[in-house]
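We name chains A, B, ... by the order of the sequence lines, and we start the count at 1 in each one.
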Amino acid sequence: MPVDISEIAPYNFSIVESQWQNFWLKNNSFHTDVNSSRKKYYVLEMFMYPSGKIHIGHVRNYTIGDIIARFKRARGFSVLHPVGWDAFGLPAENAALKQNGHPKDWTYQNIGIMKKQLISLGFSYDWEREFATCDEKYYGFQQKIFLALHKKGLVYRKKSEINWDPVDNCVLANEQVINGCGWRSGAPVEKRMLSQWFLKITYFVDELLGELDNLNGWPEKVKTMQRNWIGKSEGCSIHFKTNTGDEVTVFSTRPETIFGATFLAISPDHPLATKLAATNEKIKAFIDDFKKGSVAQGVLDKQEKRGINTEIVVDHPLLNKKLPIYIANFVLMNYGTGAVFATPAHDERDYEFAKKYELPMERVITSSENNDKLPYVGDGILINSGFLNGLSIAEAKKIVIQKLCEIGLGKRCEFFRLLDWGISRQRYWGCPIPMIHCDKCGIIPAEDLPVLLPYDVTFSKAGNPLENHGTWKYVKCPRCGNDAIRETDTLDTFFDSSWYFLRFCINDSDNENLLEKEDVSYWMQVDQYIGGVEHAILHLLYARFFAKALTECGFINVREPFDNLFTQGMVCNVTYQKENGDWLFPEEVRKKSHDEYEVIATGEKVIVGHLEKMSKSKKNVVDPDEIIKNYGADALRLFVVSDTPPDKDFPWSDEGLEGCWRFINRLWRLFVYAKSSGICAEECSESVQINALAPDIQKLYKDFHRTIKNVTDSLEERSMNKVAAYIRDGVNAVYLLLEKMESNKLVFSVVIRDLVKLFAPIAPHMCEEAWNMLGFKGLVGDSCWPSYKKEYLEISTVELPVQVNGKFRGIINVSVDDAEEVVLEQALHIPTVQKLMAGKSLKKKIFVKGKIVNFVV
RNA sequence: GCCCCUGUGGCGGAACUGGUAGACGCGACAGACUCAAAAUCUGUUGUUCGCAAGGACGUGCUGGUUCGAUUCCGGCCAGGGGCACCA
């Protein structure tokens with residue numbers, strides 16, 4: 001006799017979960033090796049910064065990855081699913097300063113805490129491959145990579161104006177400046193000149209752009225963002241000689257408007273401007289003012305157009321007239337050539353500038369509509385343009401470039417928005433740049449690799465602790481033996497994260513070569529990469545660059561690192577605020593009436609805000625540890641992939657989590673009930689004879705094959721929300737036939753067995769326990785994934801909708817193979833149909849086999 | 001300003017190549033069990049008219065294609081994201 005299902009004790013997740021976690025860990029259950037007999041599958045979630053504790057966003061990211069890893073493993077792939085730590089970086093130094101500790105201790109301590117959290121979530125990692133970027137072995141090898149890139153000419157040094165963060169006291173990459181402020185500190189960025197190391201990312205600009213078209217497994221959104229970031233512009237450069245013998249080259253994407261050019265504008269940073277400033281007080285004052293103002297505010301876009309006439313002129317290349325040169329604040333030195341020819345009639349900025357300084361405008365493009373408004377930037381026909389008159393913009397562009405080339409002044413060319421990547425950081429907690437400054441030999445590679453970070457540093461003095469260290473930087477020059485000084489800058493941590501996925505490919509702890517070519521070519525590319533869309537540009541572009549650069553250097557042989565990319569959405573939660581704007585924790589708030597909330601302690605009115613990304617400052621975070629303690633890891637895992645598609649933002653709700661916990665229990669009760677009804681591994685030995693089954697059991701069995709298909713397909717397309725829904729569907733169907741279980745042991749044994757397998761990627765602990773309880777051998781994940789029979793999916797009878805004039809009017813039960821006449825005859829018997837057709841002539845009848853009947857009257 | 005994406009019940013969201021819109025879950029309501037409650041199991045739940053049978057409306061708005069449109073095409077509106085003096 002089976003037990004009473006409502007009497008079954010709740011699932012004891014805390015015991016079961018820790019028990020299986022220990023088992024997996026002890027037995028190294030998810031260890032992987034190169035295995036040529038199986039197809040490989042590399043799943044990777046973006047590794048995390050060890051900030052202290054994981055948050056729900058991490059849980060969602062890593063759960064998606066773990067579900068895929070477990071699913072692929074069950075489907076017979078040799079799965080690489082590693083984990084590591086992006087462990088260098090500023091916060092460690094800030095924390096050390098605050099707590100009077102050491103960045104290294106702080107970092108490794110956090111890693112310990114967070115590792116425990118990951119284990120408590122049941123993620124199926126190959127822990128043997130775990131490492132942190134601050135491990136000596138990792139950054140030591142990274143120095144070799146740096147030197148190889150240097151040798152290849154992909155690393156170079158140049159003096160450049162850098163973004164200086166006055167709060168964090170460090171240099172920022174352009175990409176780390178957001179609206180003129182530091183990406184971490186939020187402080188307005190200042191400009192300074194400094195010698196910096198650069199990675200020549202622009203060397204691969206064509207490939208970085210072009211290969212995007214072949215990345216079919218990447219979201220279109222991310223590819224668009226990268227294209228915009230690279231920012232290719234095609235056009236033509238034009239060379240000018242000034243009346244003072246100087247030279248200016250301009251770049252334009254609109255060379256066909258050259259007849260409308262009325263002046264030239266150069267950047268205040270342009271060499272000619274610098275030269276003029278040396279002898280001209282007014283120009284010097286203008287440039288000085290420009291540097292102060294624009295940099296400090298960092299708000300260039302809304303800035304008023306300003307400029308100064310240099311009194312220098314050039315010849316128009318195609319007309320017999322002179323064009324004055326202006327120094328103008330809207331021309332950027334780091335784009336194009338730092339100089340433009342201005343056509344005020346057809347460019348908004350030029351127009352604004354020309355209007356202010358009363359410069360002439362010459363209309364050269366006309367269109368039928370909108371004929372008098374300037375500036376005109378639309379399509380049209382060329383006028384006032386000599387040999388271009390009457391041509392379309394596209395034709396004129398082609399011909400004018402040809403002409404400019406012929407007379408030797410123009411050149412077809414393209415420019416990119418993408419700039420080389422500045423990688424020097426004046427910080428301690430990073431990978432030391434292995435270079436040595438020698439007075440005699442210059443700047444040369446260090447030979448005493450690895451150059452290790454000294455532990456005994458002080459953070460009390462301002463500036464870089466490596467710079468301040470008593471002995472560390474003093475070395476002998478490896479070339480001449482004289483006293484020399486180490487480079488004290490460290491590498492941008494984006495450098496660390498640009499190749500970590502390659503390092504996971506080797507598993508041999510003795511191997512000094514972290515990029516063992518055979519292992520890398522076995523595992524790469526990453527088949528599924530998962531992370532937040534906030535890395536759409538920087539990290540993902542740098543990683544692509546590294547794959548190309550390391551291939552050029554001969555380390556590896558993969559030019560694109562990530563075959564499929566999945567960007568998951570953020571986890572959001574409601575926010576509560578007092579009327580004065582102070583944020584409140586949910587537990588400080590209570591519901592007063594239907595739509596009013598108040599502060600429990602004071603009774604003040606509470607404003608319920610929109611869903612916002614969980615953040616500590618908004619007091620709307622939930623702690624994964626608390627959830628796991630109260631509901632278990634499986635419930636949390638299920639919840640973060642339920643309901644909402646994983647690429648969309650996820651709205652947190654306590655009720656939703658509760659519902660997942662209820663479902664875990666519902667399923668657990670089903671398994672216990674099944675066991676008590678005699679469902680077990682042994683019962684599965686025979687194959688199900690479908691025709692011998694009672695109709696309802698037969699339907700259940702067939703429908704379950706549909707469930708298997710739906711779950712499998714949804715997993716393949718990464719629609720985890722549908723996976724959860726279809727599994728619930730299957731479970732609901734079984735529940736409705738509970739009392740028939742004992743008398744249909746074979747069918748139910750097979751169904752229950754496959755249910756355990758299907759749900760195991762999402763809720764591995766409970767399913768492992770059920771698998772074991774029902775007497776199945778080994779780990780559930782090692783058993784093969786359930787398969788479905790196609791013939792069970794084909795439906796022989798169907799509920800066919802019947803329409804009159806395209807409107808649904810009833811349903812008939814027919815066999816799929818019934819002839820058209822038979823079906824139509826039956827459809828005409830529906831009373832409503834008869835009523836609607838009475839007295840009308842049938843104009844047309846539509847019959848789509850197995851789909852629809854439609855009478856048009 | 002430019003580029004991209006998204007609009008479906010009270011809510012999160014399903015819907016195969018155009019073919020019964022609303023799967024599954026949350027919430028709500030009801031029944032069973034219980035002395036009672038919780039838990040559990042079973043139902044109902046787009047709006048609206050109707051006692052009912054049944055009807056009307058309904059996938060942001062608005063046109064179009066079609067026997068038939070959440071799905072395809074045009075125009076608009078709203079929300080979100082990216083870039084932004086890029087020549």
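- Distance, A/Tyr631 OH to B/rC26 P: 13 Å, rounded to whole Å.
- Only the C1' atoms considered, B/rU42 is 44 Å distant from B/rU66, to the nearest whole Å.
- Within the nucleic acid shown, A/Arg306 has no heavy atom closer than 4.0 Å to any nucleic acid atom.
- Pair assignment for B/rA56: B/rU47, on the basis of Watson-Crick or G-U wobble contacts that are both within less than 3.5 Å.
- One atom, CZ of A/Phe290, and another, C1' of B/rC85, lie 10 Å apart when rounded to the nearest Å.
- When the P atom is used for both B/rU47 and B/rG58, the distance is 16 Å, rounded to whole Å.
- Heavy atoms of A/Pro10 sit nowhere under 4.0 angstrom from any nucleic acid atom.
- Nucleotides B/rA53 and B/rU45 are separated by 13 Å at their P atoms, to the nearest Å.
- When distances are taken from the side chain of A/Arg417 to each of B/rG13, B/rA23, B/rC86, the shortest belongs to B/rC86.
- Remark: B/rG31 base-pairs with B/rC41. Criterion, Watson-Crick or G-U wobble with two distances under 3.5 Å.
- Here A/Ser653 lies out of heavy-atom contact (under 4.0 Å) with every strand.
- Using a 4.0 Å heavy-atom criterion, one finds that A/Arg728 contacts the sugar-phosphate atoms exclusively.
- Under the side-chain hydrogen bond (donor to acceptor under 3.5 Å, both in side chains) criterion, A/Asn630 pairs with no residue at all, not counting sequence neighbours.
- Nucleic acid contact class of A/Thr832 (heavy atoms, under 4.0 Å, all strands): sugar-phosphate only.
- Counting non-hydrogen atoms of neighbouring residues, nucleotides and ligands closer than 6.0 angstrom, the NZ atom of A/Lys411 reaches no more than 12 such neighbours.
- Nucleotide B/rC61 is matched to B/rG75 when pairs are restricted to Watson-Crick or G-U wobble geometry with both distances under 3.5 angstrom.
- Across every non-hydrogen atom of A/Lys305 and A/Lys356, the tightest pair is O-NZ, 3.3 Å.
- The base of B/rC67 lies outside donor-acceptor range of the side chain of A/Lys843, with no N or O pair under 3.5 Å.
- Taking the side chain of A/Asn329 as heavy atoms from C-beta on, and the options B/rC85, B/rG13, B/rA15, the nearest nucleotide is B/rC85.
- Taking atom P on both B/rG43 and B/rC51, the two are 29 Å apart, rounded to the nearest angstrom.
- With hydrogens and angles ignored, no donor-acceptor pair closer than 3.5 Å exists between the side chain of A/Asn228 and the base of B/rC83.
- B/rA15 sits 35 Å from B/rC83 when the C1' atoms are compared, rounded to a whole Å.
- Taking the six-membered ring where the residue is Trp, A/His535 and A/His539 present perpendicular rings, their angle passing 60° and hence far from 30°.
- When each of B/rG19, B/rA23, B/rU20 is scored by its nearest atom to the side-chain atoms of A/Ile811, the top-ranked nucleotide is B/rU20.
- Across all their heavy atoms, A/Pro646 and A/Ile64 have their closest contact at CB-CD1, 3.6 Å.
- For the C1' atoms, the distance linking B/rA84 with B/rA14 amounts to 38 Å, nearest Å.
- With hydrogens and angles ignored, the 3.5 Å screen pairs no side-chain donor or acceptor of A/Asp350 with any backbone N or O of A/Ala345.
- Using a 4.0 Å heavy-atom distance criterion, A/Gly231 is classed as making no nucleic acid contact.
- Within 4.0 Å (heavy atoms only), A/Val856 reaches sugar-phosphate atoms of the nucleic acid but no base atom.
- Ring geometry for A/His316 against A/Phe259 counts as tilted: the plane angle lies between 30° and 60°, on a 0 to 90° scale.
- One P atom belongs to B/rG54, the other to B/rC61, and the distance between them is 29 Å to the nearest Å.
- The residue from A/Tyr357, A/Phe353, A/Phe341 that alone fulfils the ring-ring contact (aromatic ring centres under 6.0 Å, His included) condition with A/Phe263 is A/Phe353.
- The partner of B/rC2, taking Watson-Crick or G-U wobble pairs whose two distances both stay under 3.5 Å, is B/rG82.
- Nucleic acid contact for A/Glu658: none, since no nucleic acid atom lies under 4.0 Å from a heavy atom of the residue.
- Using the Watson-Crick or G-U wobble rule with both distances under 3.5 Å, B/rG18 pairs with nothing in any strand shown.
- Classification of the A/Tyr335-A/Phe415 ring pair by plane angle, with boundaries at 30° and 60°, yields tilted.
- Within 4.0 Å of A/Val250, counting heavy atoms only, lies no atom of the nucleic acid at all.
- Residue A/Ser642 is out of contact with every strand shown, counting any heavy-atom pair closer than 4.0 Å.
- In the displayed structure, A/Glu612 atom CD is contacted under 6.0 Å by more than 12 heavy atoms of other residues, nucleotides or ligands.
- As the counterpart of B/rU66, no nucleotide is assigned, since no Watson-Crick or G-U wobble pattern has both distances under 3.5 Å.
- Whole-Å rounding puts the A/Glu655 CD to B/rC11 C1' distance at 10 Å.
- Using a 4.0 Å heavy-atom distance criterion, A/Lys845 is classed as making no nucleic acid contact.
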Annotated protein contacts, base or backbone, on nucleotides 36-44 of chain B with a non-hydrogen cut-off under 4.0 Å, one of B, S, - each: ----SSSS-
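- If you check every strand for non-hydrogen atoms under 4.0 Å, A/Asn854 touches a base.
- At a threshold of 4.0 angstrom between heavy atoms, the contacts of A/Lys221 with the nucleic acid are absent.
- For A/Gln803 and B/rG19, a side-chain-to-base donor-acceptor distance below 3.5 Å is present, hydrogens and geometry of angles not being considered.
- Side chain of A/Asn329 to main chain of A/Glu304: a donor-acceptor pair is present (N/O by atom type, distance under 3.5 Å, no hydrogens or angles).
- B/rG80 adopts an anti glycosidic conformation, its chi angle falling more than 90° from 0.
- Across B/rU70 and B/rC16, the matching C1' atoms stand 14 Å from one another, rounded to whole Å.
- Note: CD1 (A/Ile230) to C1' (B/rC4) measures 16 Å, nearest angstrom.
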